[in-house]
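For reference, the structure discussed in these notes is given below.
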Amino acid sequence: MLHNGPVQPSTLAPLSRDDLPGDTAALARYLIGKLMVRAFPDGFAAARIVETEAYLAGDEASHSFRGLTPRNRVMFGPPGYAYVYLNYGMHFALNVSSAAEGVGEAVLIRAAEPLTGLDAMRRHRGDVPVRDLMRGPGRLAKALDIGSSLDGTDLCAAGPLWLASDGHIPQDFGVSVRIGISRDAHRPLRFFLKGSPFVSGPAALNRCP
DNA sequence: AGTGCGATTGACT
DNA sequence: GTCAATCGCACTA
């Protein structure tokens, strides 16, 4: 889209944990337009988050619904940490832990617009169109080489992976039901940058009221 | 111990 | 449009 100015990932300060909204749906909205920054051995990659989903306590679709397990422990920890899990036995997905310690909630990062480090992303994803590099949670994780070794990473500190802002505030949010779930399927907990071609999901969910 | 099912993707008819 | 790949975890026994 139009709003990719030049980005210097190494100078992008991490988001402050105190600035993260305590309400998980609010955090999911807050993260739209923010940046994911990844440090690779040979440089940085950065991407603008364009699609998120909130997973709440008491939510049957959430991994936290049946209580704390080794896999979902980060969801029950403090906010602003990476919950990385393996889905369908083959795709990793990146979440940001949310809510107070002891409350199992998180925001799934579903899609992003690549800004810098496209060569590094293609090294992990192969030669696909820019639009498809990070369009979907599994693809996003692959592009940023995110695996279980990053589970528990502090996303509010400059390290292998963190959240940042370049000051861009998106004007037009879309809201829809979440993708790919069967339980609690009616809840409007998916948020996206309206009109972005980097958003995943069926077109019907992406046009708006 | 065995079974079933995903917060998905890519290949194929 | 259909479908297989592949594994952690919940559930049954």
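Chain letters run A, B, ... following the sequence lines, proteins first and then strands; every chain starts at 1. Keep in mind that the numbers below use all heavy atoms, side chains included, and drop hydrogens, waters and symmetry copies. The structure displayed is predicted, hence computed values, not measured ones.
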Hits for side chain to side chain contact (heavy atoms under 4.5 Å, CB included) against A:Asp23, two or more places apart or cross-chain, chain-then-number order -> A:Ala25, A:Ala26
Next on the checklist: If I pick the C1' atom on C:dG1 and the same atom on B:dA7, what distance separates them, to the nearest angstrom?
Outcome noted: 23 Å
Output for pair (A:Asn72 CG, A:Tyr55 OH), nearest 0.5 Å, gives 14.0 Å
A:Asn95 atom CG is separated from B:dT8 atom P, nearest whole Å, by 11 Å
Short side-chain N/O contact to B:dT8 OP1/OP2 from A:Arg110, under 4.0 Å: yes
Across all chains, not counting sequence neighbours, the salt bridge (Lys or Arg N to Asp or Glu O under 4.0 Å) partners of A:Asp18 are none
note: A:Tyr83, atom OH; B:dA7, atom C1'; distance rounded to Å ~ 9 Å
Hits for salt bridge (Lys or Arg N to Asp or Glu O under 4.0 Å) against A:Arg73, two or more places apart or cross-chain, chain-then-number order -> A:Asp151
Taken to the nearest whole Å, CD/A:Glu51 to C1'/B:dA7 is 11 Å
Outermost contacting nts on DNA chain C, any atom under 4.0 Å from chain A heavy atoms, listed 5' then 3', are C:dA5 to C:dC11
Protein and nucleotides 10-13 of chain B: nitrogen or oxygen contacts under 3.5 angstrom:
| unit_1 | atom_1 | unit_2 | atom_2 | d |
| --- | --- | --- | --- | --- |
| B:dG10 | OP1 | A:Arg125 | NH1 | 2.7 |
| B:dG10 | OP2 | A:Arg139 | NE | 2.7 |
| B:dG10 | OP2 | A:Arg139 | NH2 | 2.8 |

From CE of A:Met134 across to C1' of B:dT9 the rounded distance in Å is 16 Å
Sorted by position of nearest nucleotide on DNA chain B, 5' first, the leading residue of A:Leu140 and A:Ser182 is A:Ser182
Ordered by number, residues from residues 52-72 of chain A within less than 4.0 Å of DNA chain C (heavy atoms) are A:Arg66, A:Thr69, A:Arg71
Residues passing the salt bridge (Lys or Arg N to Asp or Glu O under 4.0 Å) test with A:Arg17, sequence neighbours excluded, are A:Asp154
Rounded to whole Å, the CG-P distance (A:Leu133 to B:dT9) equals 13 Å
Stems for DNA chain B (at least 3 consecutive Watson-Crick or G-U pairs, under 3.5 Å) come to B:1-6 with C:7-12, B:8-12 with C:1-5
Legend entry - Whole-angstrom distance between C:dA4 and B:dG4, as gauged at atom P: 15 Å
When rounded to whole Å, the CD1 to P distance for the pair A:Ile179 and B:dT8 reads 8 Å
Check: A:Arg131 side chain, A:Pro197 main-chain N or O, donor-acceptor pair, under 3.5 Å: yes
Quick note, ring pair (Phe, Tyr, Trp, His ring centres under 6.0 Å) partners involving residues 88-125 of chain A, not counting sequence neighbours, are A:Phe40-A:His124
Applying side chain to side chain contact (heavy atoms under 4.5 Å, CB included) to A:Leu56 and not counting sequence neighbours gives A:Thr24, A:Ala54, A:Asp59, A:Glu105, A:Arg187, A:Leu189
A:Phe92 CZ to B:dT9 P, in whole Å, measures 14 Å
Sorted by chain and number, sequence neighbours left out, salt bridge (Lys or Arg N to Asp or Glu O under 4.0 Å) with A:Arg190 holds for A:Glu51
- Which part of the nucleic acid, if any, lies within contact of A:Ile181, taking any heavy atom under 4.0 Å across all strands shown: a base, the sugar-phosphate backbone alone, or nothing? sugar-phosphate
Checklist line | salt bridge (charged side-chain N to carboxylate O under 4.0 Å, His left out) between A:Asp166 and A:Arg48, worked out | finding: CA-CA 9 Å; A:Asp166 63 355; A:Arg48 188 178 313 285; 2.9 Å; yes
Taken in chain and number order and not counting sequence neighbours, the residues that satisfy side chain to side chain contact (heavy atoms under 4.5 Å, CB included) with A:Arg139 are A:Arg125, A:Asp132, A:Arg135
Are any non-hydrogen side-chain atoms of A:Arg38 and A:Asp145 less than 4.5 angstrom apart?
yes
With the side chain counted from C-beta on, respond yes when A:Ser64 and A:Phe76 share a heavy-atom pair under 4.5 Å apart, and no when they do not. yes
Next on the checklist: Counting only heavy atoms from other residues, nucleotides and ligands, does the tally under 6.0 Å from NZ of A:Lys34 exceed 12?
Outcome noted: yes
A:Met90 atom CE is separated from B:dC5 atom C1', nearest whole Å, by 13 Å
